[in-house]
Q: 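Handing you this structure, nothing more for now.
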Amino acid sequence: MASPQPRANASNPQVNGSDPSATARQGHLTGNGNLETGKNQTEKKISYLSLPNKGQLAVLCIARMADPLATSSIQAYMFYQLRFFDPSAPAGTISTQAGIIVSARTAAQVITGMFWGRLADSDWGGRKLVLTVGLLSNCISCLGYGFSRTFTHAVFWQVFGGAMSSNVAITRCVVAEINPEKRYRVRALTLLPLFANAGMLIGPLVGGLLSSNEEDGAQAKYPYAAPNIVTAVVYIVAALGVVFGLEETLESLQHGEHHPLRGAWRNFVSKTFKRGKKSHDYVAISTEEPFSPTSPVVELSPTSPTSNSSPLLPKTPKRKRKLPFRRIWTFNVICTLLSHFIIAGHLGTFSNLWAIYLSTPVARPENQHPPIRFSGGLGMLPRDVGFAMSLLGLIGVVLQIVIYPMLNDRFGTIRIWRTALFVFPITYVVAPFPSLVASFSGKTALVWLSMGVPLVLFITGRTGVTPATTLLINDCTPHPSVRGTIHTAGTVIGNLSRSVFPLAAFAIFGAGLGIGVIGLGFWCLACLAILACIASQWVREGSNGKDIVLDDDEEEEEENRETQTQRR
């Protein structure tokens with residue numbers, strides 16, 4: 001009997017003639033025979049170009065870019081579009097209506113979000129189907145919104161687009177699933193905020209340059225249709241990429257023939273167009289006489305047990321157990337989502353509030369009484385608002401590419417996340433003070449310089465928070481079978497906050513305009529940002545689906561160990 005092969009471990013480094021000194025130079029051997037070649041150094045060498053599945057990542061990045069492109073495009077001309085709907089509306093009323101427009105879409109996503117998440121985790125849906133439906137629905141929503149001529153119609157199309165999609169959540173889920181290794185997953189998930197920033201860079205330019213730049217927009221019947229047509233084209237491109245270039249990542253549907261909808265369609269076609277025809281299945285010709293003309297052909301019915309038991313036919317993958325809905329909500333999941341609720345609320349509210357603030361007319365110098373009682377905005381037209389808002393995306397893209405990967409490698413996800421949160425209270429405190437520069441100076445260069453201070457602060461904080469939040473939500477998933485639900489829950493929670501907080505913030509902003517304190521809305525956001533800093537202390541990094549182990553997981557792990565043992 002042959003003696004067993006020695007296992008590679010620390011006490012027996014010379015396996016298969018390996019050189020101990022070479023092993024020491026490369027790393028060290030673990031007890032299970034795996035060679036660790038300097039984990040930290042390996043992770044630092046991972047770059048965007050080294051990511052696997054680049055084609056699918058490109059499709060997902062385009063899909064992720066579409067939503068912020070559409071949203072930021074609208075921000076550039078929203079103030080003037082609402083005035084186009086009702087030229088007699090005062091600035092306070094327009095501010096309230098802007099809050100309703102922003103909240104309508106996210107509120108609809110809150111109501112339907114969990115449905116799309118559960119459908120994405122279900123054998124009847126899957127990631128690919130849900131993402132395709134969402135992209136096509138948003139395409140229709142953009143066209144409807146662009147051709148709206150009343151405030152009611154605009155709200156309806158925002159609600160329709162929100163109710164029919166959960167694009168952000170499903171995109172994050174698929175990216176995490178096609179990159180199961182953490183060293184790749186961190187880089188891949190940070191691509192999504194990068195392209196979201198790219199959308200926020202392009203969107204305001206599209207909205208500001210292609211929309212009407214007249215204050216009443218009366219020179220055209222549909223002065224705000226053109227930017228929405230461009231956005232709809234982006235959604236169509238993303239949807240086609242998903243249909244033809246993206247593979248299903250839900251494990252039970254990774255083989256298309258097992259999708260229930262496809263099976264139902266195939267049965268319908270079979271019964272409709274092949275009625276009266278006899279169905280035949282055949283077993284393989286005996287391998288002993290492969291070319292014998294006398295080899296018998298055995299006719300089988302479609303339900304014949306022999307046809308299913310043939311070893312030559314593909315084996316249907318065993319369905320795995322899914323984590324029950326009630327067990328999803330671990331303490332870390334709840335803490336992570338609660339922090340995300342607060343963070344998403346003040347981030348989304350500031351972007352929309354800032355756009356309205358830029359369009360608000362400049363106040364007279366004699367009405368300004370700093371440091372508290374001062375009012376007025378910067379009085380920018382849609383073109384100028386578009387350029388100003390695109391600065392958010394431009395700075396974000398640069399920081400996302402250059403700064404964040406280095407910081408993440410050095411300090412880790414959660415440390416960057418908690419540190420960056422402290423930037424936002426400062427940002428919101430100084431945000432309204434460019435109004436004083438616009439009132440007393442009137443010089444364009446000084447106004448733009450003063451406006452750049454809160455912009456740089458905001459983007460710096462958001463660069464550290466947004467990708468880290470995505471990673472924390474993904475890694476807090478207690479079991480892989482509910483990853484789509486967790487990402488959708490994160491999106492629903494974020495949309496809920498983006499529905500509630502803008503309504504309150506725009507109402508406070510309008511009240512501040514009425515009493516001559518335009519900073520009131522921004523300073524309330526500063527209080528919310530402080531609350532987010534406190535809530536972040538209870539969040540920890542999860543184990544990416546390994547917090548809860550089901551029976552099937554243990555059986556699969558045991559089978560994998562047995563397979564590896566047999567191969568040895």
Side-chain angles (χ1 to χ4, degrees), residues 75 78-80 82-83 89-103 106 341-380 385 388-389 392 421-441 447 450-459 461-462 496-535:
Q75 292 172 355
M78 182 185 295
F79 182 90
Y80 294 100
L82 293 172
R83 178 170 287 178
T93 301
I94 290 178
S95 176
T96 302
Q97 289 179 338
I100 295 174
I101 289 271
V102 172
S103 299
T106 53
F341 174 79
I342 304 173
I343 294 167
H346 70 70
L347 288 181
T349 302
F350 175 80
S351 297
N352 290 285
L353 199 61
W354 184 255
I356 294 297
Y357 167 74
L358 295 179
S359 301
T360 303
V362 179
R364 295 178 177 274
E366 58 268 20
N367 296 329
Q368 307 288 58
H369 304 284
I372 302 298
R373 295 187 62 84
F374 60 94
S375 189
L378 304 186
M380 294 183 174
V385 174
M389 294 299 294
L392 289 170
L421 287 174
F422 286 96
V423 176
F424 294 110
I426 302 172
T427 303
Y428 302 150
V429 168
V430 303
F433 284 95
S435 296
L436 296 175
V437 179
S439 294
F440 290 107
S441 172
V447 171
S450 64
M451 185 181 63
V453 174
L455 277 181
V456 171
L457 287 173
F458 179 76
I459 290 300
R462 194 178 67 180
L496 178 61
S497 65
R498 283 187 286 265
S499 302
V500 175
F501 293 128
L503 276 176
F506 276 109
I508 295 172
F509 182 79
L513 284 174
I515 62 174
V517 183
I518 196 169
L520 191 60
F522 291 107
W523 297 333
C524 287
L525 285 184
C527 297
L528 196 62
I530 294 173
L531 187 60
C533 296
I534 298 172

Q: Which heavy atom in Leu525 sits nearest to a heavy atom in Leu353, and how many Å separate them?
A: CD1-CD2, 4.2 Å

Q: How about Phe501 and Phe350: are their ring centres within less than 6.0 Å of each other?
A: no

Q: Between Tyr357 and Phe522, is the ring centroid distance below 6.0 Å?
A: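 Yes: the rings meet the under 6.0 Å criterion.
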
Q: Kindly give the heavy-atom pair with the smallest separation between Ser435 and Ile518, and that separation in Å.
A: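 Closest heavy-atom pair between Ser435 and Ile518: OG-CG2, 4.1 Å.
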
Q: Please tabulate, for the side chains in residues 503-513, all donor-acceptor contacts under 3.5 angstrom to protein atoms that are two or more places apart in sequence or on a different chain.
A:
none

Q: Quick check for you: to the nearest 0.5 Å, what is the distance between Leu528 atom CG and Ile343 atom CD1?
A: 10.0 Å

Q: Minimum heavy-atom separation for His346 to Tyr428, with atom names?
A: ND1-OH, 2.7 Å

Q: Would you call the rings of Phe458 and Phe424 parallel, tilted or perpendicular, taking 30° and 60° as the class edges?
A: perpendicular

Q: Excluding sequence neighbours, so at least two apart, what forms side chain to side chain donor-acceptor pair (under 3.5 Å) with Ser375?
A: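 For Ser375, no residue satisfies side chain to side chain donor-acceptor pair (under 3.5 Å) once neighbours in sequence are set aside.
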
Q: Please find the pair of heavy atoms, one from Leu378 and one from Ala438, that lie closest to each other, and give the distance.
A: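 Leu378 and Ala438 have their closest heavy atoms at CD2-CB, 3.7 Å.
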
Q: Between Ser497 and Ile342 (side chain of the first, backbone of the second, donor and acceptor by atom type, cut-off under 3.5 Å), is there such a pair?
A: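 Not confirmed, Ser497 side chain does not pair with Ile342 backbone.
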
Q: For the CZ atom of Arg373 and the CD1 atom of Ile515, what is their distance to the nearest 0.5 Å?
A: 6.5 Å

Q: Search all heavy atoms of Pro425 against all heavy atoms of Ala526 and return the closest pair with its distance.
A: O-CB, 3.9 Å

Q: What's the spacing between Gln368 CD and Leu436 CG if we round to 0.5 Å?
A: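 It comes to 5.5 Å.
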
Q: Report yes if the side chains of Trp523 and Val517 come closer than 4.5 Å at any heavy-atom pair, otherwise no.
A: yes

Q: Is there a side-chain contact between Arg462 and Ser351 (heavy atoms, below 4.5 Å)?
A: yes

Q: Under a 3.5 Å distance rule, please check whether Ser103 uses its side chain to pair with a backbone N or O of Ile100 as donor and acceptor.
A: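 Not at all, since once roles are kept as given, no pair shorter than 3.5 Å links the two residues.
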
Q: Grab the two heavy atoms, one from Ile356 and one from Ala98, that are nearest each other, plus how far apart they are.
A: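 Residues Ile356 and Ala98, closest heavy atoms: CD1-CB, 3.8 Å.
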
Q: Is the backbone of Val102 close enough, under 3.5 Å, to the side chain of Arg498 for a donor and an acceptor to pair up by distance?
A: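 Answer holds: no.
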
